[in-house]
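Written out below as C-alpha cells is the structure these notes cover.
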There are 2 protein chains.
Amino acid sequence: MTTIKDVAKLAGVSVATVSRAINQSGYVGVDSAQKIEKAIKKLDFHPSEVARSLYQKKSKLVGLLLPDISNPFFPLLAKGVEDKMNEAGYHLILGNVQEDMAKEQDYLKAFMQNNVAGILSAVDGGTSNLKEIPFVLLDRVATKKEYAVHGNDFEGGILAAKTIAEGSPKEIVLLVGPKSIKGSVERLKGSVSVFKEENLTYQLLQTDSFQFDSAKKASLELFEQFPKVDSVIASNDVHGLAILKEALRRGIKVPEELQIIGYDDIPFSQMVYPSLATIAQPAYEMGYKGAELLCRIMENQPIDKKIIQLPVLLKQRETLRKKE
Amino acid sequence: MTTIKDVAKLAGVSVATVSRAINQSGYVGVDSAQKIEKAIKKLDFHPSEVARSLYQKKSKLVGLLLPDISNPFFPLLAKGVEDKMNEAGYHLILGNVQEDMAKEQDYLKAFMQNNVAGILSAVDGGTSNLKEIPFVLLDRVATKKEYAVHGNDFEGGILAAKTIAEGSPKEIVLLVGPKSIKGSVERLKGSVSVFKEENLTYQLLQTDSFQFDSAKKASLELFEQFPKVDSVIASNDVHGLAILKEALRRGIKVPEELQIIGYDDIPFSQMVYPSLATIAQPAYEMGYKGAELLCRIMENQPIDKKIIQLPVLLKQRETLRKKE
DNA sequence: TTGAAAGCGCTAACAG
DNA sequence: CTGTTAGCGCTTTCAA
C-alpha cells in the first residue's frame with residue numbers, strides 16, 4: 001500500500017502539502033502541485049479512507065437498511081439511493097434486515113463502528129440510540145421520525161378503492177399488510193373512507209408480511225375464506241401477483257370474474273398477462289430523494305421539507321374491469 | 001463517542017489491558033476483566049472499527065459487486081453472501097454496477113480505500129490491479145480467475161435443450177445472452193450439442209443484456225422474426241417471462257402452441273400462470289458458498305476446491321409440452 | 001499480569 | 001506557500 005508519505009518523498013515535499021493538494025484546502029505552490037500530481041500518478045496512490053475517517057470521525061460510507069431485498073420494490077429503492085450517494089462521493093453498507101429486530105440493531109451498531117456519515121432506513125424498528133447520525137426514513141414511516149421520504153399512502157388507499165369501486169364490485173376483499181407498519185394502516189384508512197362514502201361492504205384479510213411466503217399463503221386463504229370474492233385490493237404487488245396466478249389456476253376469469261389491484265408497481269407487474277393494475281410508488285425516486293435529503297442534512301444545508309411525500313399514481317392495467 | 005480510553009479510566013486499568021480483554025488476546029486478570037466488562041456495559045462502548053482497521057490494514061468489510069440488482073437473481077445471491085458474511089462478522093459494501101466498466105473500477109478503488117478484507121464479484125469486467133485482496137468470482141466466470149463459484153452452464157444448456165426436445169419442437173429459437181459473458185457461451189454450446197445429436201434445427205436470437213428492457217425488446221423481436229416459433233429457450237427467466245407474456249397477449253396457447261423454458265429460477269417464475277419451466281441455479285447457495293470460500297481465503301485456511309461448480313436443476317413447470 | 005509507548009495513514013493547527 | 005507536530009482510537013511489542 002503506498003501512502004501519502006511515499007508521495008511526499010517522491011515529490012520532495014512534506015505530507016502536509018500533499019494533503020492540502022489532495023483536498024484542495026490551503027495554499028499549494030504551482031510547481032509543488034505539479035510534482036505532487038506526477039508522484040500520485042506514478043505511484044497510483046489512493047488516499048486511505050480509513051485513516052481519513054479516523055481523524056474526521058466520519059467516513060464516506062452510509063448505511064442502508066432494507067426489510068427484504070428479494071421484494072423487487074427495494075432493489076429499485078436501493079438503486080435510487082446508490083445513484084445519488086455515488087454522485088455525492090459516498091458508498092453504501094447494505095443491511096438486509098429480514099424483519100428481524102436483532103439484525104437491525106446489529107447493523108446499526110456496525111454502522112456506528114464504521115463511522116458512517118449517515119443512515120437511510122426502510123425499516124421501521126426501534127431506531128433507538130442513534131445519537132447524532134443523520135438519519136432518513138424511507139417508505140415506511142415510523143412513529144415520529146424527523147426526516148422521511150414516503151409515498152402518500154392514504155391517497156394510495158383512496159385511489160385503489162375508487163378504482164375497484166368503478167368495476168361494480170359485489171364482494172370486495174382488502175388485504176391488509178402488517179399493522180405495525182404505518183403505511184398499511186394509512187392505506188386501509190384511505191380505502192375504507194371510500195367504501196364508506198360509496199356504501200360498499202368489504203372484507204379484510206390480514207397478511208403477516210410483504211414477502212413471498214406470505215403472498216402464497218394469502219392467495220390460498222383468500223379463495224378459501226371468500227369463494228365469492230370478485231374484487232381484491234392487494235397489500236402489494238407481490239401479493240397481487242400471487243392472487244392473480246391462483247385465480248388463473250382456478251380458472252377464474254380475470255378481470256371479468258375477479259379484478260385485482262396491487263401496490264408498488266414493481267417491474268414484474270407489467271410482465272404478466274393480464275398485466276397487474278397497481279398503485280405506483282416511485283421507488284427509485286424515493287430512494288434518490290431520500291439520499292438527497294440525507295446529503296443536505298450531512299452538509300448542514302437548509303432543509304425546506306423534512307418530510308417529503310411523493311405522489312402515488314394509478315396504473316390502469318388489464319386486471320381491472322371497465323367502468324360500466 | 002466513548003473510546004477505549006474512557007473504559008480504561010472507568011475500570012482503573014490501562015487501554016492495553018482493555019484491548020486485550022476485548023480481543024481475548026494475552027493475559028487479563030480476573031478482576032480486571034470484571035471491572036472492564038462492567039465499564040463497557042456502563043458506557044455502552046463499541047470499539048471503533050475504523051481505528052482497528054487502520055492498524056490492522058484490514059477492515060471487517062467486504063465488497064460485493066453485482067451487475068444488476070433489479071434482476072431478482074442477484075438479490076438472492078446477495079442474501080446468501082450477506083448471511084454467511086454476517087455469521088463471520090463481516091458487513092458488505094454494495095456495488096451495483098450497471099454493466100458499466102467505469103463504475104466497476106470506481107467501486108474497486110473504493111473497496112481498496114476502505115481496506116476491505118475481501119471482494120465478491122458477479123461482474124466479469126477487468127478486475128485489473130487487485131493486488132492481494134482475496135477475490136471470489138460469482139456466477140459469471142471470467143477468463144481465468146483463481147477462485148470462483150458458478151453454476152454448471154454447459155450442463156444447464158444441455159438440460160434445457162433436452163427438455164425442449166421432448167416437446168416435439170418444430171421450430172426452436174434459442175435466445176443467447178451477451179457473448180462477453182462466459183456462461184452464455186457455455187449454455188449455447190450445451191444446447192447446440194443436444195440439437196446436433198438429435199438432428200434438430202434451431203434459430204438464434206442474440207440479446208443485449210440480461211435486463212428488463214432487453215427482455216421486452218427480445219419478446220417483440222422474437223415473434224416478428226420467427227412467427228412460427230413453437231419452442232423457446234430463453235437466456236434467463238426475465239426473458240422467459242417477457243416472452244410468456246407476449247405470447248399470451250397474442251393469444252398463443254402456452255404450452256400447446258409455444259413451449260418456453262427459462263434460466264435461473266427466480267421467485268416470480270412460480271408466480272405466473274402458466275408457471276415458467278426453468279433451469280434452476282441455486283442463487284442463494286451460490287452466494288453463501290462464495291462467501292464461505294472467501295472466508296477461507298481470508299483466514300488462510302486450506303482450500304480444497306478453488307472453483308466450485310454448483311449443479312443446475314430442471315424445474316418442470318407448466319410452460320412445457322408433455323412428452324408424446 | 002499489566003502499562004508505557006510507538007505507530008497505522010491522514011488532517012489541521014501553528015509556526016516559519 | 002510549506003513543514004513540523006500532535007493527534008484520531010486502537011493494537012501490539014517490550015519492559016516491568
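We use all heavy atoms of the structure for the numbers below, so side chains are in, but hydrogens, waters and symmetry mates are not.
The aromatic rings of B:Y284 and B:Y288 sit parallel, their planes meeting at an angle under 30°, below the 60° perpendicular limit.
Closest to the side chain of A:V13, from the set C:dT2, C:dT11, D:dG3, is D:dG3. Relative to the side chain of B:L54, the nucleotides D:dG9, C:dT11, D:dC10 differ in distance, and D:dG9 lies closest. Of the candidate nucleotides D:dG3, D:dC1, D:dT12, D:dC1 has the atom nearest to the side chain of A:Y27.
Taking 4.0 angstrom as the limit, B:S48 places none of its side-chain polar atoms (N or O) nearer than this to OP1 or OP2 of D:dG9. For D:dG3, the OP1/OP2 oxygens have a side-chain nitrogen or oxygen of A:T17 closer than 4.0 Å.
Straight-line distance from the CG atom of B:N23 to the C1' atom of D:dT13: 15 Å, rounded to whole Å. What separates CZ of A:R52 from C1' of D:dG9 is a distance of 16 Å, to the nearest Å.
The stretch residues 29-41 of chain A touches DNA chain D through A:G29, A:S32, each having a heavy atom within less than 4.0 Å of the strand. Within residues 55-63 of chain A, the residues approaching DNA chain D are A:Y55, A:K57, by heavy-atom distance under 4.0 Å.
Between B:R20 and B:A51, the one whose closest nucleotide on DNA chain D sits nearer the 5' end is B:A51.
Counting only heavy atoms from C-beta outward, the side chains of A:K79 and B:D68 approach each other to under 4.5 Å.
Comment: A:E292 does not engage A:K289 in a salt bridge, judged by the lack of any side-chain N to carboxylate O separation of less than 4.0 angstrom. Residues A:D6 and A:K42 are not paired through a salt bridge, judged by the lack of any N-O separation under 4.0 Å between the basic side chain and the carboxylate.
In the displayed structure, A:Q301 atom CD is contacted under 6.0 Å by more than 12 heavy atoms of other residues, nucleotides or ligands.
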